[in-house]
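Everything below concerns the one structure shown next.
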There are 2 protein chains.
Amino acid sequence: MPGTSPDFAARLRAAGLRPTRQRVALARVLFEGGHRHVTAESLHGEVRATRIPVSLATVYNALNQFRDAGLLREVVVAPGKSYFDTNTGHHHHFFVETDGELHDFPSDKVTIAGLPAPPKGTRLSRVDVIVRVRR
Amino acid sequence: MPGTSPDFAARLRAAGLRPTRQRVALARVLFEGGHRHVTAESLHGEVRATRIPVSLATVYNALNQFRDAGLLREVVVAPGKSYFDTNTGHHHHFFVETDGELHDFPSDKVTIAGLPAPPKGTRLSRVDVIVRVRR
DNA sequence: TGCACCACTTAGAATTATTCTAAACTACTT
DNA sequence: AAGTAGTTTAGAATAATTCTAAGTGGTGCA
Ligand SMILES: [Mn+2]
Ligand SMILES: [Mn+2]
Ligand SMILES: [Zn+2]
Ligand SMILES: [Zn+2]
């Protein structure tokens with residue numbers, strides 16, 4: 001049967017992280033549904049609601065580790081506002097400035113042509129497109 | 001003779017801002033040369049070096065006012081790192097992640113095609129392209 | 001199964017970026 | 001010159017994030 005509960009502990013081990021109670025709980029909330037955009041604060045709230053004790057410092061630690069391991073990517077949309085994104089594939093974002101919502105859109109229909117060569121001595125890391133909209 | 005000292009006071013008045021000692025000094029540093037990318041902190045340091053007393057709070061106030069008046073635009077590149085950009089025309093950025101540098105590149109050679117329609121009930125505000133590179 | 005070790009978690013303090021408060025000051029109007 | 005509203009400022013406050021140092025717990029091995 002497809003969609004059976006994935007083994008989060010194994011996924012964490014594969015990323016070089018011990019599957020602790022806290023990290024497994026965080027991974028479950030992050031990865032068991034569809035793609036998500038969370039903040040440290042919102043994720044902290046969600047995990048605590050599942051009755052797993054976890055501190056905000058641990059949420060920050062885990063988010064940074066998950067990002068470094070390639071399980072998440074970070075999207076900075078405004079000063080002091082960064083989202084962690086469970087969609088690590090190529091895609092871009094709509095940011096609704098008036099209410100802070102972030103929405104994905106696929107990059108396969110989008111063409112970015114004519115980008116100049118990176119400055120001398122640098123290698124391309126990522127291209128971020130944020131389409132800012134307002135209500 | 002071209003390039004004679006522009007009237008910063010007049011420019012501020014035109015933007016609906018009183019040309020105070022502090023704002024004129026800030027405007028001079030920002031606008032008298034070519035385009036710049038500054039942080040509140042770096043601008044504060046530069047203006048103080050010209051022997052004009054100014055507090056960091058005033059620098060933040062002025063930067064926000066200049067941005068709201070369309071004299072500057074703000075570019076957020078990383079959590080807690082935002083630049084104010086004296087180039088308000090259409091252009092995009094290289095961000096050198098390894099050393100925090102921000103460089104402009106013109107948008108006229110760049111084509112972004114196939115952007116999906118904005119989410120229901122929203123209007124486009126701006127499209128930001130940040131090309132992240134590393135040394 | 002029991003330990004030992006070291007990675008991990010945590011409360012709380014610290015740091016950093018930014019904004020706020022309320023009192024003093026100043027550019028502009030009259 | 002005086003009045004007034006806009007501006008500046010020191011310092012406190014807030015918000016996001018990181019750090020410290022002490023305790024806890026996975027894991028590999030006896
Ligand atoms: Mn956050
Ligand atoms: Mn800054
Ligand atoms: Zn996304
Ligand atoms: Zn620029």
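Sequence lines set the chain letters: A, B, ... in the order given, protein chains first and strands last, and positions in each chain run from 1. All heavy atoms count here, side chains included; hydrogens, waters and symmetry mates do not. Not measured: the values here are computed from a predicted model.
- Screening residues 124-134 of chain A for side-chain hydrogen bond (donor to acceptor under 3.5 Å, both in side chains), with sequence neighbours left out, gives A:Glu97-A:Arg134, A:Ser125-B:Glu97, A:Arg126-A:Asp128, A:Asp128-B:Arg132, A:Arg132-B:Asp128.
- Distance B:His44 NE2 to C:dA17 C1': 14 Å, rounded to the nearest Å.
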Pairs: protein N or O with nucleotides 19-25 of chain C N or O, under 3.5 Å:
from	atom 1	to	atom 2	distance (Å)
C:dT19	OP2	B:Asn64	ND2	3.2

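- Nucleotide D:dT17 holds its P atom 9 Å from the CG atom of A:Leu63, rounded to whole Å.
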Atom pairs under 3.5 Å: protein N/O with N/O of nucleotides 26-30 of chain D:
from	atom 1	to	atom 2	distance (Å)
D:dG26	OP1	A:Arg21	NH1	3.2
D:dG26	OP1	A:Arg21	NH2	3.2

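- As rounded to whole Å, 15 Å separates atom P of D:dG25 from atom CZ of A:Arg23.
- Looking only at side-chain heavy atoms (C-beta outward), B:Asp85 and B:Asp104 come within less than 4.5 Å of each other.
- Between A:Pro19 and A:Arg13 the shortest side-chain heavy-atom distance falls below 4.5 Å.
- Taking side-chain N and O atoms only, B:Thr39 has no distance below 4.0 Å to OP1 or OP2 of C:dT18.
- Not counting sequence neighbours, the partners of B:Arg135 by the salt bridge (Lys or Arg N to Asp or Glu O under 4.0 Å) test are B:Asp99, B:Glu101.
- Note: NZ (B:Lys81) to P (C:dA17) measures 7 Å, nearest angstrom.
- Residues passing the ring pair (Phe, Tyr, Trp, His ring centres under 6.0 Å) test with B:His93 are B:His37, B:His91, sequence neighbours excluded.
- By the side chain to side chain donor-acceptor pair (under 3.5 Å) test, A:Ser42 is found to be paired with A:Thr39, residues two or more places apart in sequence or in another chain being considered.
- Scored by the side chain to side chain donor-acceptor pair (under 3.5 Å) test, A:Thr88 finds no partners at all (sequence neighbours excluded).
- For A:Phe105, the ring pair (Phe, Tyr, Trp, His ring centres under 6.0 Å) criterion is met by A:His92, A:Phe94, not counting sequence neighbours.
- Contacts of A:Thr111 classified as side chain to side chain donor-acceptor pair (under 3.5 Å), with partners at least two apart in sequence or in another chain: none.
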N/O donor-acceptor pairs under 3.5 Å from side chains in residues 65-72 of chain B, not counting sequence neighbours:
from	atom 1	to	atom 2	distance (Å)
B:Gln65	OE1	B:Arg23	NH1	2.9
B:Arg67	NH1	B:Asn64	OD1	3.2
B:Arg67	NH1	B:Glu74	OE1	2.6

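- With sequence neighbours left out, the side chain to side chain donor-acceptor pair (under 3.5 Å) criterion links A:Arg36 to A:Glu46.
- Contact annotation: B:Thr58 does not reach the phosphate of D:dA10 (side-chain N/O to OP1 or OP2, under 4.0 Å).
- Using a 4.0 Å cutoff on non-hydrogen atoms, the parts of residues 46-55 of chain A near DNA chain C are A:Pro53, A:Val54, A:Ser55, ordered by number.
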